[in-house]
Amino acid sequence: RLLNSPESETKHSTSSWDAFVSSTGVLNIGFWAAPCVDHELRSSNLATIEGQLEPAFTSLNVNAKPFVPNVNAAEFVPTFAMKIHSDDLSSLCHSEVTVNDRLCGFAAPLENGNTEMTTEEPWDQKEAESNEEEPGGGSSRDRGPEVTATTEETAPEIMEEEEEVPVPKVQPVLSDAPKKEHINVVFIGHVDAGKSTIGGQIMYLTGMVDKRTLEKYEREAKEKNRETWYLSWALDTNQEERDKGKTVEVGRAYFETDKKHFTILDAPGHKSFVPNMIGGASQADLAVLVISARKGEFETGFEKGGQTREHAMLAKTAGVKHLVVLVNKMDDPTVNWSLERYEECKEKLLPFLKKVGFNPKKDIHFMPCSGLTGANLKEPAEMCSWYTGLPFIPHLDNLPHFNRSSDGPVRLPIVDKYKDMGTVILGKLESGSICKAQQLVMMPNRHVVEVLSLLSDDVETDDAVPGENLKLRLKGIEEEEILPGFILCNAENLCHSGRTFDAQIVIIEHKSIICPGYNAVLHIHTCIEEVQITALICLVDKKTGEKSKTRPRFVKQDQVCIARLRTAGTICLETFKDFPQMGRFTLRDEGKTIAIGKVLKLVAERD
């Protein structure tokens, strides 16, 4: 009402307002008085205002002292930022005016008056304290006087917390790592046989994928009208793979049993991605050939041009010694766990596997299963009373140990590489052992590199033994300077590299004859390179092993010959006799596997 009055410039009202401002601390507000023509109206208004203000100002102290900020007051510290002793409370509790001053921010910030809590320390002591800080916290000075003024009881508590945190995180990994044998399992077979689904189901049964994640995959798969695909999404992480339902790249995952640690390599089944499958099979110790028992599907995969035949042969060429044949989709209405259908698939497949080079008694094991329902993977299937053997996971757990020597030279063929805070490479350690900070040589470029960190199946470790799938972060080389197929070796024992070699070749499938000058694609360990047959040296008799005395002019399907091959670029390789993993190869042309072979002799460039 004061502000709205037309003219309020009387002595009484102005002095009363000044007194009101000085006593209460309210900011002074300027008046604007409009000139009034009518004098009678003005005097009546003034009388009304005076009558209203008089009772309001009678109780005010108009002689109050002017406000003077206390610049020497102690600095205000909130209670949540410090733990104060009860005897220090009195020193911090000042008059009402002082606290108001501090809150309003009028006083200049000074050091705490309490010398006991803020003794100035030399710079070197401060630096030492900042180094000992807890992770995630600021320096001790940033956290207020808590450190210096802590009681005797709180100090050991902080120390106990520091000791307890890292123990459960690191210890179990280190204790488990050396105990379990590491085995690489590749899932192979015709497209849509159920490789990824079985892989996903195994991960779920062994607790590597939680139920909630699978339920999310199931909802997403239903939205795309692909209800049965959800298990395969645990391994097919690529959006393109999920949309089409076809594995393109080799999927990687791992699971553990009581005795062993397994790495799953989920190979693509489509014929367009056979080169990727060869890369996966070259890292495997054990192959699982998945075939579909559904009417028509087994026949499609097994007939000429089907991937059941090709994958079994390529796995043997890649050095896989043991083969488990999973007859999948036994729960299908067309099969319904029929023993007759199971035996029919087995009888057709056995002669072919024997021909490829597997021993039916020692190397091959058949078992029925259902990837979608998980029957006979971990627990015996009730519907399948006629199968008396162990289910799939217990069978893998009871396999005999693989003989591996960690005393040999370091050989790690590189499968893939990428940039992540340095150069990271992926591969399976074929022989020797690698540890952190070790100096190694990258062949064939002879780059000296240092191992910064080691990860075995995404678990950081200090050293690795043969058979482990590793991720290595390297120092001393750029990602652009590495190609898949390069080999990590120790400087004392480098692997051989070159372009020309003699090899024994078996022609598996080729319509016409093969003559010197024929070009194909060579797959040897993880390396893919163009190759030319420069000369045919002799033919080898399949039954007797005798070599022909004259040089053949050509070779054709089902013949065995010794030939000289020359690659387009320098590659790393060893003779089959010295190092089998780097001495086996496959020749492919026009999307088909033409021949398999083994390196007999490395030829120097001058020869």
Side-chain angles (χ1 to χ4, degrees), residues 168-170 172-173 176-177 180 182-189 191-258 260-270 273 276 280 283-284 288 290 326 328-329 331 369-379 381 391-394 396-397 416 418 420 424 426 455-461 468-471:
K169 289 183 183 174
V170 181
V173 174
D176 278 359
K180 296 185 180 179
H182 199 115
I183 294 176
N184 300 286
V185 183
V186 65
F187 283 82
I188 57 173
V191 65
D192 282 337
K195 300 179 290 298
S196 299
T197 303
I198 288 173
Q201 186 69 262
I202 288 167
M203 286 174 71
Y204 171 62
L205 292 172
T206 53
M208 300 313 293
V209 177
D210 60 344
K211 199 175 180 182
R212 193 175 172 186
T213 309
L214 278 183
E215 283 170 358
K216 178 178 163 250
Y217 291 159
E218 196 170 6
R219 279 197 306 275
E220 289 173 8
K222 272 184 181 174
E223 285 168 16
K224 296 183 178 181
N225 294 320
R226 299 283 185 269
E227 291 97 312
T228 57
W229 288 6
Y230 75 98
L231 282 163
S232 65
W233 287 11
L235 285 160
D236 292 345
T237 52
N238 194 335
Q239 195 56 47
E240 183 197 350
E241 292 177 331
R242 290 182 175 186
D243 291 343
K244 293 183 179 178
K246 291 187 181 80
T247 306
V248 177
E249 294 175 347
V250 177
R252 288 169 180 274
Y254 64 92
F255 69 95
E256 287 194 355
T257 58
D258 296 336
K260 294 183 173 75
H261 178 103
F262 292 93
T263 300
I264 297 173
L265 300 161
D266 179 35
H270 200 276
F273 311 119
N276 294 355
Q283 303 167 61
V288 177
V290 181
L326 280 181
N328 191 25
K329 304 191 184 180
D331 59 323
C369 78
S370 165
L372 190 63
T373 62
N376 209 40
L377 287 179
K378 194 178 182 184
E379 302 293 333
F392 179 63
I393 296 171
L396 293 185
D397 210 15
D416 201 2
Y418 61 89
D420 178 25
V424 180
L426 282 84
L455 281 103
S456 175
D457 276 329
D458 297 330
V459 177
E460 194 154 346
T461 178
E468 289 192 50
N469 259 298
L470 301 174
K471 271 185 196 173

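In what follows, every heavy atom counts, from backbone to side chain, and hydrogens, waters and symmetry copies are set aside.
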- Task: Output the distance between atom CG (D331) and atom CG (L372), rounded to the nearest 0.5 Å.
- Result: 6.5 Å
- Note: L377 and P394 closest approach over all heavy atoms is O-CD, 3.9 Å
- Atom OH of Y254 with >12 non-hydrogen neighbours under 6.0 angstrom: yes
- Are any of the side-chain heavy atoms of L396 and T257 separated by less than 4.5 Å? no
- Query: With side chains defined as the heavy atoms from C-beta onward, is the minimum distance between T461 and L455 less than 4.5 Å?
  - Reply: no
- Query: Is any side-chain heavy atom of L265 closer than 4.5 Å to a side-chain heavy atom of F187?
  - Reply: no
- Could you please spell out the steps behind the side-chain contact (heavy atoms from CB on, under 4.5 Å) verdict for K471 and E460? CA-CA 9 Å; K471 271 185 196 173; E460 194 154 346; over 6 Å; no
- Note on the structure: For T197, the side-chain hydrogen bond (donor to acceptor under 3.5 Å, both in side chains) test, sequence neighbours excluded, returns none
- Is Q201 reaching over with its side chain to a backbone N or O of G371, donor-acceptor style, under 3.5 angstrom? yes
- Step by step, would you call V186 with V288 a side-chain contact (heavy atoms from CB on, under 4.5 Å)? CA-CA 6 Å; V186 65; V288 177; over 6 Å; no
- Query: Would you say D416's side chain and L426's backbone share a donor-acceptor pair under 3.5 angstrom?
  - Reply: no
- Task: Report the relative orientation of the aromatic rings in H261 and H182; use parallel for angles under 30°, tilted for 30 to 60°, perpendicular for over 60°.
- Result: tilted
- Item | side-chain contact (heavy atoms from CB on, under 4.5 Å) assessment of S370 paired with N376 | CA-CA 7 Å; S370 165; N376 209 40; over 6 Å; no
- The ring-ring contact (aromatic ring centres under 6.0 Å, His included) partners of F255 (sequence neighbours excluded) come to F262
- Item | Results of side-chain hydrogen bond (donor to acceptor under 3.5 Å, both in side chains) for S456 - residues two or more places apart only | E468
- Query: Any idea which heavy atoms bring K195 and D266 closest together, and the distance?
  - Reply: CB-OD1, 3.7 Å
- Nearest atoms (heavy-atom pairs only) where I188 meets A267: CG2-CB, 4.3 Å
- Could you tell me which residues satisfy side-chain hydrogen bond (donor to acceptor under 3.5 Å, both in side chains) with K260, sequence neighbours excluded, listed by chain and number? none
- Message: Just so I know, are the side chains of I183 and V185 near enough to count as touching, which here means a heavy-atom distance under 4.5 Å?
- Response: yes
- Query: Quick one: side chain to side chain contact (heavy atoms under 4.5 Å, CB included) partners of A193, sequence neighbours excluded?
  - Reply: V290
- Just by distance, do the side chain of T213 and the backbone of V209 share a donor-acceptor pair under 3.5 Å? no
- Message: So which atom in G199 and which in I264 form the shortest heavy-atom distance, rounded to 0.1 Å?
- Response: O-CD1, 4.1 Å
- Nearest heavy-atom pair of I198 and C369: which atoms, and what distance? CD1-SG, 4.1 Å
- Under the salt bridge (charged side-chain N to carboxylate O under 4.0 Å, His left out) test, residues paired with K216 that sit two or more places apart: E220
- Note on the structure: Output for pair (T206 OG1, K378 NZ), nearest 0.5 Å, gives 7.0 Å
